[in-house]
Visitor: 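The following block contains the structure, expressed as structure tokens.
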Amino acid sequence: MSIKLNLNDIKKIMEMVDKCNNICIAGHKNPDGDCIGSVMALYEFLIPFNKNLTVCIDGSIPYNYKPFVNEEIIAKEYNDNNFDVVFILDCSDAERLGKFTNIINNTIKTICIDHHKTNDNFADINIIDTDISSTGELLYDVIKATGKEITKKMAEYIYIAIVTDTGKFSYSSTSSYTHRKVADLIDLGVNVSKIDNLIYNSKPANIVKAYIECISGIELYYNNKVGITAITKKILDDNNVDMGNIDGVVEFIREINEVEVSCVLKEYDNNTKISLRSKSDEIDVSKISLRYGGGGHSKAAGFEINENIDKVKKLIINDLKEYFGEI
């Protein structure tokens, strides 16, 4: 279900902002470009209101987004602070806030801005549009609806959110409206070439080596229609790389001509995180993700599970039997 922008909700939100003192802006754990861009754009939008602002993101900022983010403003831990309003961005459920989940229990009003179809409307005010390309694009609409100006810095963050979550405007959720909004952002001063180079063309050598190890471990199943690989702790340790810095592996697998579903297994100390992508309209990977408490979109989804990589790989391969039959 897609819930379109409600101007009454925008009015309520602005009234809350005017009346409150303490505001938290939170994104999902292990942040990606849409999360980071949306959180930072909203932070910039709220600065002129002279409120006490706190930014909460569980996880390190990947190397290619560091040039855009002042990490000093991001809270390291949550000490049960109370807030008047919490904005939750690009997050389909409260658990995705990670170590900051309890923020919801210590705030008066919660507002969620998101585009995931698995969002369960957990906030007091939910601005959800599952047809839109990214949370960043939705935030653009929200800010426009307030009648406030989008500054150059806000425009840069919104562009980062959109360009990364659309796969550089290649995913099916990219609409003509998406391009029109990006044109407006460019008119506001966004330097597309500079931002794209920093995000996509700035991998340090050790990250490239780790990336190569990951893709060299790709295994193909179901007559090459399913591609799977793993980002292990050994690969990370051998190359002195953080998990969040190895990006794009699951998209690389999806680029293989025969592959219809790609999967990357990410090994953590106590669990495994799974990223799934689909090229086919007939294969909804969010359904698989939901079985394990995850979420996402029909063509891009993920979940976490307290099992080792080998066990998870077997589970995924077995779940895909319904689409591809026997291996």
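Keep in mind that this is a model prediction, so the values were computed, not measured. If you read the sequence from its start, that first residue is 1, and numbering goes on from there.
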Visitor: Strictly distance-based, threshold 3.5 Å: is any side-chain N or O of K266 a donor or acceptor partner for the main-chain N or O of G244?
Guide: no

Visitor: Check the surroundings of atom CG in N271: do more than 12 heavy atoms from other residues, nucleotides or ligands lie under 6.0 Å from it?
Guide: yes

Visitor: Would you please say whether a donor-acceptor pair under 3.5 Å links the side chains of N52 and N21?
Guide: no

Visitor: Please name the residue in the list Y222, F324, Y323 that meets the side chain to side chain contact (heavy atoms under 4.5 Å, CB included) test with V261.
Guide: F324

Visitor: Using a distance-only test with no angle check, is there a side-chain donor-acceptor pair under 3.5 angstrom linking Y200 and D247?
Guide: no

Visitor: Hey, are N119 and D114 close enough side-chain-wise for a donor-acceptor pair under 3.5 Å?
Guide: yes

Visitor: Does the distance from a Lys or Arg side-chain N to an Asp or Glu carboxylate O, for K314 and E307, drop under 4.0 Å?
Guide: no

Visitor: Answer yes or no: does atom OH of Y177 have more than 12 heavy-atom neighbours from other residues, nucleotides or ligands under 6.0 Å?
Guide: no

Visitor: To the nearest 0.5 Å, tell me how far I288 CD1 sits from I316 CD1.
Guide: 6.0 Å

Visitor: So does D269 pair up with K233, basic N to acidic O under 4.0 Å?
Guide: yes

Visitor: Less than 4.0 angstrom from a charged side-chain N to a carboxylate O is my criterion; do D281 and K299 meet it?
Guide: yes

Visitor: Starting from I113, can I reach L53 by hopping between I/L/V/M/F/W/Y residues whose side chains sit under 4.5 Å apart?
Guide: yes

Visitor: Can you confirm whether more than 12 heavy atoms, excluding those of E71, are under 6.0 Å from its CD atom?
Guide: yes

Visitor: Quick one: do the S289 and S286 side chains pair a donor with an acceptor below 3.5 Å?
Guide: no

Visitor: Quick one, R277 and V285 - any side-chain contact, counting heavy atoms below 4.5 Å?
Guide: no

Visitor: I'd like to know if K234 and D238 make a salt bridge, using a cut-off of under 4.0 Å between side-chain N and carboxylate O.
Guide: yes

Visitor: Can you name the nearest heavy-atom pair linking I274 to C263, along with the distance?
Guide: CG2-SG, 3.8 Å

Visitor: Around atom NZ of K12, are there more than 12 heavy atoms of other residues, nucleotides or ligands at under 6.0 Å?
Guide: no

Visitor: I207, I212: one ILVMFWY side-chain cluster at the under-4.5 Å cut-off?
Guide: no

Visitor: Charged N to carboxylate O under 4.0 angstrom, K117 versus D284?
Guide: yes

Visitor: Are any of the side-chain nitrogens in E322 or R291 under 4.0 Å away from the carboxylate oxygens of its partner?
Guide: yes

Visitor: Indicate yes or no: does K51 engage D84 in a salt bridge with an N to O separation below 4.0 Å.
Guide: no

